[in-house]
Amino acid sequence: MQVVSGIQPTGTPHLGNYLGAIVNYVKLQDEEEKAGRKCLIFLADLHAISMPHKPAELHSATLEMVATLVACGVDPSKTVLFNQAQVPAHAEMQWLLTGTARMGWLNRMTQWKDKAGKNREGASAALFGYPVLQAADVLLYQATHVPVGDDQKQHLELARDIAQKFNNDFASEDAPVFTLPEPYIPPMAARIMSLRDGSKKMSKSEPSEMSRINLNDDADTMAQKIRKARTDPEPLPSELEGLEGRPEALNLVTIFAALSGSTPEAVLAEHGNQMFGHFKPVLAELLVEKLGPLRDRFVELKEDREALTAILARGASQARELSAPTLDSAYKALGLVRGR
Ligand code: TRP
């Protein structure tokens with residue numbers, strides 16, 4: 001098992017990033033460490049240039065996300081933690097794989113269709129090639145398991161297709177260049193929705209600050225956001241079926257369950273029949289208890305650019321070493337003599 005995953009360095013991280021992705025990184029990191037292996041987690045800063053972005057903010061956003069990951073428990077001595085820009089093998093491998101990826105495959109990617117919208121002619125070639133870079137990210141390290149959200153499954157299938165075709169076209173059957181990676185959807189991955197609209201994912205791009213709990217919110221702000229979260233006037237049901245058609249209520253129960261390491265069923269068994277006036281303060285208290293210490297670590301670490309830079313430098317040097325053999329074999333398989 002080789003775990004590799006990437007996360008975009010986008011702005012201030014929120015509860016959705018934490019419960020949806022980061023908690024699972026930490027769990028995998030600790031399980032893998034027991035088995036004598038290291039996960040690779042990287043900041044996808046090269047991917048960030050596929051959309052309009054602010055160059056002056058990209059590196060700070062990257063550092064901020066590193067601070068988040070570490071504050072939340074990703075341990076740079078157990079996990080190889082780095083950013084793509086410091087490991088040229090990612091960009092090199094992407095180019096090698098563009099010879100194998102087919103236009104038709106990329107044209108079918110829903111993220112490409114969504115992000116390019118009606119203006120495909122004006123979209124960047126980087127946006128079109130985005131999934132090829134993502135394939136390079138994981139194939140470089142012979143990844144077997146790639147923790148991702150549901151929306152990234154299609155990109156992982158594409159990475160498999162690219163790996164398979166490359167192996168077919170350029171490698172002998174008994175010495176494939178790439179391992180076929182699989183998406184790993186963690187069993188407990190919580191999908192956290194906006195506090196204003198239970199049908200939308202919690203996201204930093206939603207204009208209202210009240211829609212999300214940011215990891216740097218202080219205790220009062222967190223509690224206030226929960227208090228003001230949209231709900232309905234009904235009490236909580238005591239069983240899951242009772243939450244059907246009540247996305248906001250389901251969301252608060254999901255958050256409660258994820259924070260307490262429990263399940264929505266168990267939360268309802270305990271808090272069923274409560275009104276939100278009663279449930280929300282309990283949830284707010286739990287949130288502050290769990291997130292408060294992470295917040296304090298995050299706020300402190302965020303200011304320590306030197307420490308963050310050192311973490312990334314160390315991770316990058318490990319990643320460069322780990323990626324070298326596969327990059328070498330890919331060059332060789334294609335008939336290229338690699339420069340040094
Ligand atoms: N595209 C992923 C996202 O938006 C981020 C990402 C980039 C990634 N490269 C990756 C995830 C490789 C897993 C593996 O969430």
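Just so you know, these numbers come straight off a predicted model, no measurement behind them. We count ligands from 1, going down the list as the structure has it; atoms in each ligand are counted the same way.
Ring-centre distance between Trp112 and Tyr130: not below the 6.0 Å cut-off. Centroid-to-centroid, the aromatic rings of Tyr141 and His90 come within less than 6.0 Å.
The nearest protein atom to atom 9 (N) of ligand 1, hydrogens excluded, is given as Asp137 OD2, 2.7 Å; this is a heavy-atom distance. The protein heavy-atom contact nearest to atom 8 (C) of ligand 1 is Gln134 NE2, 3.5 Å. Protein heavy atom nearest atom 5 (C) of ligand 1, with residue, atom name and distance: Gly6 O, 3.7 Å.
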Practice prompt. Starting from the C-alpha separation in whole Å, work towards a yes-or-no answer on side chain to side chain contact (heavy atoms under 4.5 Å, CB included) for Lys280 and Leu252.
Written response: CA-CA 8 Å; Lys280 279 178 167 180; Leu252 294 186; 4.1 Å; yes
Practice prompt. Show the numbers, then the answer: is there a side chain to side chain contact (heavy atoms under 4.5 Å, CB included) between Arg102 and Asn107?
Written response: CA-CA 9 Å; Arg102 303 289 95 180; Asn107 254 323; over 6 Å; no
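Close N/O approach between Ser5 and ligand 1 is not found [any backbone or side-chain N/O within under 3.5 Å]. Looking at ligand 1, you won't find any N or O of Gln111 less than 3.5 Å from one of its N or O atoms. At least one N or O atom of Tyr130, backbone or side chain, sits closer than 3.5 Å to an N or O atom of ligand 1. Residue contacts with ligand 1: His155 is placed with no nitrogen or oxygen under 3.5 Å of a nitrogen or oxygen of the ligand (distance criterion only).
Close approach to His47 involves these atoms of ligand 1, each under 4.0 Å from a residue heavy atom: 7 (C), 9 (N). Each of the atoms 12 (C), 14 (C) of ligand 1 lies under 4.0 Å from some heavy atom of Val138. Near Val148, meaning under 4.0 Å from one of its heavy atoms, ligand 1 places the atoms 11 (C), 13 (C). Under a 4.0 Å criterion applied to the non-hydrogen atoms of Phe42, ligand 1 contributes the atoms 9 (N), 10 (C), 12 (C). Heavy-atom proximity to Val146, at under 4.0 Å, picks out these atoms of ligand 1: 13 (C), 14 (C). Every atom of ligand 1 is numbered from 1 in the order shown, and the set under 4.0 Å from a heavy atom of Gln8 is 4 (O).
A donor-acceptor pair under 3.5 Å is formed between the side chain of Thr144 and the backbone N or O of Gln2.
At most 12 heavy atoms of other shown residues, nucleotides or ligands fall within 6.0 angstrom of atom NZ in Lys153. A 6.0 Å sphere centred on CD of Glu265 holds more than 12 heavy atoms belonging to other residues, nucleotides or ligands.
Salt-bridge formation is detected for the pair Asp217/Lys225: a Lys NZ or Arg NE/NH1/NH2 atom is positioned less than 4.0 Å from an Asp or Glu carboxylate oxygen. No salt bridge links Asp197 with Arg230; every basic N to acidic carboxylate O contact stays at or beyond 4.0 Å.
Heavy atoms of Leu156 found under 4.0 angstrom from ligand 1: none, in either backbone or side chain.
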